[in-house]
Amino acid sequence: MSDPFEYDDDDAWPGAPSGPAPAYPGPGGNAAAARAAAGPPKWLETLNEAQREAVLAVDGPVLVLAGAGTGKTRVLTTRLAQILHEGRARPYQILCVTFTNKAAREMRERVAGLVGPATEGMWLGTFHALGTRILRRHAELVGLKSNFTILDTDDQIRLLKQILEAERIDEKRWPARMLIHVIQRWKDKGLTPGKVDASDAGEVANGRAVAIYAQYQERLRTLNACDFGDLLLHNLTLFTEHPDVLQQYRNLFQYILVDEYQDTNISQYLWLRLLAKTDDPKRPANICCVGDDDQSIYGWRGAEVGNILRFEKDFPGARVIRLERNYRSTPNILGAASGLIAKNEGRLGKTLWTDLPEDGQKVRVRGLWDGDEEARVVGEEVEALQLKGYPLDEIAVLVRAGFQTREFEERMITLGVPYRVVGGPRFYEREEVRDAIAYLRVIAQPADDLAFERIVNKPTRGVGKTTMQSVHQAARLERLPLSIAARRMVETDELKPAARRSLTAILDDFDRWRQLSQGVDHIELTETVLDESGYTAMWKESKKPEAAGKLENLKELLVAMEEYEDLAQFLEHVSLVMDADDRGKGPMVSLMTLHSAKGLEFGTVFLPGWEEGLFPHQRAMDENGLAGLEEERRLAYVGITRARERCEISFAANRRIHGSWQAALPSRFIDELPGKHVEIEADRGVYAGSGGGAAEDRYGFMYGGGSGFGGGGYGGGAYGGRNSGGLRPGVPERGRDQGFSQGGGPGFQRLKSRGLGSRAPVIEGQAEYIGGDKQADWGEGERCFHQKFGPGTVIKVAGDRLTIEFDKAGTKTVVAAFVERPE
DNA sequence: GGATGCACCGTTTTT
DNA sequence: CGGTGCATCC
């Protein structure tokens, strides 16, 4: 399937000649000719003018600047359909690159929806997947075998640690994490060790960073392995050192399309440029890049906004088409976002517009007392929407950093609102799944030392540190993979008898499994391996609370494997497609970072945590100055433009960070939102600690409907003000903490010490309010188990709410539906 | 080899 | 505060 050079016989294209096709008129065969003759396809009619232009301008370089919500994917897919429809190229002559597997999958589905099976064989995928595909074909030219392993971050770090240890580099001073990052950035720039400017490395790792990089690469080669950066980097080496190979692909790819061009790094850019350059200088490349400089948010991992800004220089005569008509958001949301992003310099510049007749709700900005209240308010809003029948999967809470999802998660649990954390701990990253995969990797590739080390003594089988040290030594000396070196060693007397016996046993196991893998399918193989290795038994005997879940995950792994034809295919999937399939059960509120929200849209979006230092993040500014700040601003822009009809921004005056309370100032981005599209509401107390008078002057805050803050003390406004001010008449008073309204200036210490105690009644109050009439089928003192908090004892039953004293997680009130009986 | 204890640290993340 | 990684002890 994946062999481009065998496609010439594809009988879907009768009459296809045996060589690569010229650009146009295409040799698409009679079918395509007939299709082209049938007149313009109806998909063109539904496009606006700019979109149609972008779809039809198929010859020569084109840059499509597609603002948020302007139908970017639509243009890309229609363009693909158009090229195929006109018979300009056959599917395998089209290269279409995306950043995520999800995007690739969607694109394939949508194109197939337009032109049907004609998409078969198209080179459509992520940079990494396509790079891998090419690299496997020519692996030997860069010193690899075509069954090379793709390492993940974990493996990379372990490998680098070994090198650092051998090099006697103080890991405290130069953590492997940091060095791998440095190496990764070099790879992003297309730099092999030989090309890194020595001065570029500076003091890193005592000035030995480049040498370490070189060693790391050498180790990867002996392991017959690549890291993610290598997948592209080796392609570059391949193309530059073997012009004939490059030429093959240049001839092959008649049309190139690139999604999210603003996120490409230098190495990806070079890869594209090599492929897009035609042998005939007079014939410009048919390359079409789609992107939005305002949504470039991956600079920190090597993306170069410069690529998109420079497109016209790279491809002289390029057409630049702007998509500015927004089909997603209300005028107020669009206005707020546009006003904010206008503060950035160095943009290509776009003016988004919409012709929606109604301005819609203004973007709401709320200042709250602390993070807990913020979560509570968002929770209330979600609940209110839910009550109105608003679909939960149309609601998202988008945060700057992953840890921020926690307080919202807890809130959703308490309220019994179904939620999902997008991009949380992933299936294939779990310990037990990685272990199982390590067994399979050793079977598939005996030279995979990292996998071998991972499971050689898991479960413990008496192959401990000492034994492995000797094996390591022997392997290094003879430059052999560990498993081979181990095999040799057990035939000598170098190991203690016990160790020798155990090691022989596991090596024999692997030999046997390897043989077995020829005979049975990969599912059966995995079952056998997990069983015979004692791995399953290890978890069955384990008394750890998570053991049951791990066994579940192993079962789930087997199910997941069914989708793949064989072991090799499955392993490729695991390394390239780390996303576990969305096994969503019904509509849920989405909690995720702003980064993972890019490309998505929701009816209602909550954007909490807009505080200086958190958003914009302090480190972004410290490390990258103005550029860092502008990337943060783009992130804010991405956040706002995810919303179709409702967007609610909030900030808290006090936040607990790393365990201690800190006062926070509202984000500068809040100041930058254009006033006419925004509605601001803040508790008076919120600004007391931060000289907040200025905020009032700037915005004309609405203080609890104007009646709540007469009490003098800022505390008075903080809670009592807003609620008693009657802003939310439909919501019953929930016994909010009145304590704060006494006396001036509640110190953070005091907040901390009083916080929990005084909040408990709030939770109970809510239980009565929302709990409904059904009484949970639980008794006090009963043992129970909760997915997230683990085992515990029920101490109180109120409606369908249970208060549980968890063994590990403390006392929490949760919804009975989330609680199970222990087995 | 595994359990316990202490020091340290603390963005964003796809592939 | 909570997780991680390392050292130490049994």
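Every chain is numbered from 1 and lettered A, B, ... according to where its sequence line falls, protein lines coming before strand lines. The structure displayed is predicted, hence computed values, not measured ones.
Under the 4.5 Å side-chain criterion, counting only non-hydrogen atoms from C-beta, A/Val97 is not in contact with A/Trp123.
One interatomic measurement links the two molecules: CG of A/Leu232 to P of B/dT15, which rounds to 14 Å at whole-angstrom precision. For the pair A/Ile180 CD1 and B/dT15 C1', the computed distance is 15 Å after rounding to whole Å.
Considering only residues two or more places apart in sequence or on other chains, A/Asp294 meets the side chain to side chain donor-acceptor pair (under 3.5 Å) condition with A/Arg347, A/Lys350. Listed by chain and residue number, A/Tyr298, A/His595 satisfy the ring-ring contact (aromatic ring centres under 6.0 Å, His included) test with A/Trp300 (two or more places apart in sequence, or in another chain). Residues passing the salt bridge (charged side-chain N to carboxylate O under 4.0 Å, His left out) test with A/Glu453, sequence neighbours excluded: none.
Taking atom P on both nucleotides, C/dG5 is separated from B/dT12 by 16 Å, rounded to a whole Å.
An anti orientation is assigned to B/dT12, its glycosidic angle lying beyond 90° of 0.
Remark: the A/Asn624 side chain and the A/Glu630 side chain contain no N/O donor-acceptor pair separated by less than 3.5 Å. Side chains of A/Tyr419 and A/Glu409: a donor on one and an acceptor on the other come within 3.5 Å. Between the side chains of A/Arg185 and A/His181, at least one donor N or O lies within less than 3.5 Å of an accepting N or O. For the residue pair A/Asn224 / A/Gln445, a side-chain donor-acceptor distance below 3.5 Å is found, with atom types taken as modelled. Using modelled atom types, one finds a donor on one side chain and an acceptor on the other under 3.5 Å when comparing A/Tyr216 with A/Asp227.
Within 4.0 Å of A/Val463, counting heavy atoms only, lie sugar-phosphate atoms of the nucleic acid but no base atom.
Residues of residues 158-166 of chain A that place a heavy atom closer than 4.0 Å to DNA chain B do not occur.
Ring-plane geometry between A/Trp271 and A/Phe127 is classed as perpendicular, the angle between the planes exceeding 60 degrees on a 0 to 90 degree scale with a lower cut at 30.
Nearest-nucleotide mapping onto DNA chain C: of A/Lys465 and A/Arg177, the residue sitting toward the 5' end is A/Arg177.
Closest heavy-atom contact between A/Val305 and A/Ser296: CG2-OG, 3.5 Å.
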Inset, instruction - Quick one, give me the B/S/- string for nucleotides 7-14 of chain B, reading 5' to 3', where B means a protein heavy atom under 4.0 Å from the base and S means that only happens at the primed atoms, P, OP1 or OP2. - result: ---BBBBB
Just the atom pairs and distances: protein N or O near nucleotides 2-4 of chain B's N or O, under 3.5 Å.
from  : atom 1 : to       : atom 2 : distance (Å)
B/dG2 : OP1    : A/Thr460 : OG1    : 3.2

